[in-house]
Amino acid sequence: MAQIQTCNPATREPIETYDLMSKDEAFAKIEAAHNAFVEWKTRSHEDRAKVLRKIAGTLRDNSDRISDLMTRETGKLLKDGKMEVEICARIFEYSADHGPSELADEEREHTGGKKRGIVTYSPIGVIYSIQPWNFPLYQPVRVLAANAMAGNACILKHASICTGSGLLLRDLCLEAGLPKGLFEVVLVDHDTSDEIITHEKVRAVTMTGSDSAGRHIGSKAAEALKKTVLELGSNDAYLVLEDADIELAVKTCVTGRLYNNGETCVSAKRFIVTDAVYEEFVEGFVKQMKATKMGDPTQENTQLGPVSSKEQFDTLVEQVRKSLDGGCTLLCGGDPEDDPDGWYYPATVLADCKKGTPAYDDELFGPVASVIRAKDDEDAMRIANDSRYGLGGGIFTKDQDKAIRLARDHFDTGMIRINSFGAADPNMPFGGVKDSGYGREHGGFGMKEFVNAKSIFLP
């Protein structure tokens with residue numbers, strides 16, 4: 001029987017072994033989820049909200065247990081894991097607090113005003129959620145919270161390296177009172193996953209991952225005429241304009257590149273710096289990247305843990321090698337030791353990044369920063385948009401009105417941070433454009449992605 005083996009990337013020690021499910025076992029989970037949905041959809045928004053608040057409390061009560069497992073499975077800093085648990089608790093609470101009003105029936109008048117109608121947001125059934133490993137709790141929670149509030153059921157296929165975290169989330173949801181079957185985890189291979197997409201009781205698919213995986217999953221769902229939401233990563237550009245506060249920009253950009261060991265879809269990845277401040281920014285940026293303390297992710301003073309797996313480590317090594325071969329300049333890092341204790345990659349800065357290299361074109365999912373020089377502010381904006389991706393980005397300038405204008409009118413991406421860095425906020429829409437995918441989560445938008453906006457016409 002095929003199995004999944006989880007492994008601690010900080011020590012290379014095995015954690016747990018799990019048997020993959022057969023197609024019949026996975027399909028039984030779907031049937032159970034559909035049966036749970038049939039009852040759950042009849043509950044009021046307020047009743048659903050009560051359960052979501054209990055889940056939030058249960059997550060907080062088990063914060064140490066969850067964060068410890070996430071660190072062991074993915075190498076994320078223990079303190080970042082605890083922050084992730086709190087963010088997830090807030091997402092459940094946000095959904096509970098705002099769901100009843102977001103999903104409430106709307107009364108409307110027909111054109112001419114003589115007749116009226118009702119728009120109701122009806123749940124559609126089982127949602128298939130395919131999620132990556134970099135945020136083992138947050139990734140499935142942002143789908144689950146919104147869809148449970150909307151009245152749907154969720155089937156989770158988590159990344160194999162964090163299988164334990166997905167199963168623990170399911171168990172804690174059950175403990176908090178979520179009906180059995182409404183949220184289930186399937187341990188399946190890619191072929192079975194494709195068959196789940198086309199299962200008649202799966203009504204929609206949401207996925208976070210690479211753009212290549214998104215194309216495959218999106219096409220499978222499209223063949224079955226099922227709606228998808230795809231969040232497919234990015235190589236987010238952070239612009240350091242001519243009038244930027246360089247001390248703030250350096251500090252924030254280091255944080256933005258190294259947060260979650262650099263393994264975040266909306267990490268700051270490409271740093272596009274205007275000629276007027278280039279030397280000052282690069283000097284400060286490299287100095288702080290060099291000073292980063294890498295080591296045991298369970299220790300409070302550690303700033304950078306290991307990357308999540310050997311596969312991720314090898315990919316990063318190859319991307320940096322190709323970038324250097326393509327003319328990039330190595331300013332620090334980039335020469336990882338063969339550490340028998342874990343998959344550690346140092347904080348790395350590549351400059352003179354050129355089109356056609358991974359450092360310019362692709363997503364480097366790890367603690368590697370790409371620095372690109374721009375002639376002026378206009379050129380910086382042009383380079384930022386010269387990407388097949390468009391998930392997040394940032395602008396550093398002392399002129400907030402200019403930053404807002406650039407963000408609103410010119411930055412071709414889904415989310416822009418001004419003089420700051422952050423990953424996600426429950427009250428703001430999350431998602432991208434171009435090869436970063438489509439659809440939105442958070443901010444109330446996620447609750448309406450997979451509902452039937454139903455028109456009821458009254459006489």
For [X] and [Y], which heavy atoms make the closest approach, and how far apart are they?
X	Y	value
Gly334	Pro346	N-CG, 3.9 Å
Tyr121	Leu103	CD1-O, 3.9 Å
Arg373	Glu279	NH2-OE2, 3.1 Å
Ile272	Ala237	CD1-CB, 3.6 Å
Val188	Lys157	O-CE, 3.6 Å
Asp361	Gly356	OD2-N, 2.8 Å

Would you check if the distance from the ring center of Phe365 to the ring center of Trp133 is below 6.0 Å?
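Under 6.0 Å, so yes.
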
Do His442 and Tyr138 have ring centroids that are under 6.0 Å from one another?
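So the answer is yes for these two rings.
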
After noting the C-alpha distance and the side-chain angles of Thr206 and Gln131, does the key distance pass the side chain to side chain contact (heavy atoms under 4.5 Å, CB included) rule?
CA-CA 8 Å; Thr206 181; Gln131 299 302 327; 4.3 Å; yes

Does the distance from a Lys or Arg side-chain N to an Asp or Glu carboxylate O, for [X] and [Y], drop under 4.0 Å?
X	Y	answer
Glu13	Arg72	no
Asp401	Arg405	no
Glu93	Arg60	yes

Counting C-beta onward and ignoring hydrogens, is there a side-chain heavy-atom pair between [X] and [Y] closer than 4.5 Å?
X	Y	value
Leu364	Pro358	yes
Tyr238	Phe421	yes
Lys287	Lys290	no
Asp341	Arg12	no
Phe183	Leu156	yes

Backbone of [Y] reached by a side-chain donor or acceptor of [X] within 3.5 Å:
X	Y	result
Thr302	Met294	no
Asn261	Gly305	yes
Asp379	Ala374	no
Arg203	Lys226	no
Lys322	Ala359	no
Ser63	Leu59	no
Thr252	Leu248	yes
Asn62	Arg65	no
Thr357	Ser323	no
Asn260	Gly262	no

Might you work through the side chain to side chain contact (heavy atoms under 4.5 Å, CB included) test for Glu247 and Asp245, ending with a clear yes or no?
CA-CA 6 Å; Glu247 183 178 354; Asp245 179 332; 3.7 Å; yes

Residues 146-155 side chain polar contacts: donor-acceptor under 3.5 Å, at least two apart:
{"residue": "Asn147", "atom": "OD1", "partner": "Asn152", "partner atom": "ND2", "Å": "3.1"}
{"residue": "Asn147", "atom": "ND2", "partner": "Val143", "partner atom": "O", "Å": "2.9"}
{"residue": "Asn152", "atom": "OD1", "partner": "Ile124", "partner atom": "N", "Å": "2.8"}
{"residue": "Asn152", "atom": "OD1", "partner": "Gly125", "partner atom": "N", "Å": "3.1"}
{"residue": "Asn152", "atom": "ND2", "partner": "Phe450", "partner atom": "O", "Å": "2.8"}

Donor-acceptor side-chain pairing of Asp236 and Ser234 below 3.5 angstrom
yes

Answer yes if the side chains of Glu242 and Thr274 hold a donor-acceptor pair under 3.5 Å, and no otherwise.
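No - no donor-acceptor pair under 3.5 Å links their side chains.
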
Give me the one residue out of Arg90, Arg142, Lys76 that meets salt bridge (Lys or Arg N to Asp or Glu O under 4.0 Å) with Glu84.
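The residue from Arg90, Arg142, Lys76 that satisfies salt bridge (Lys or Arg N to Asp or Glu O under 4.0 Å) with Glu84 turns out to be Lys76.
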
Member of Lys354, Arg270, Lys355 meeting the salt bridge (Lys or Arg N to Asp or Glu O under 4.0 Å) criterion with Asp386
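Single pass found, and it is Lys355.
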
With under 30° as parallel and over 60° as perpendicular, where do the rings of Phe271 and Phe285 fit, or are they tilted in between?
tilted

Please lay out, stage by stage, how Cys162 and Met70 fare under the test side chain to side chain contact (heavy atoms under 4.5 Å, CB included).
CA-CA 7 Å; Cys162 58; Met70 290 194 295; over 6 Å; no

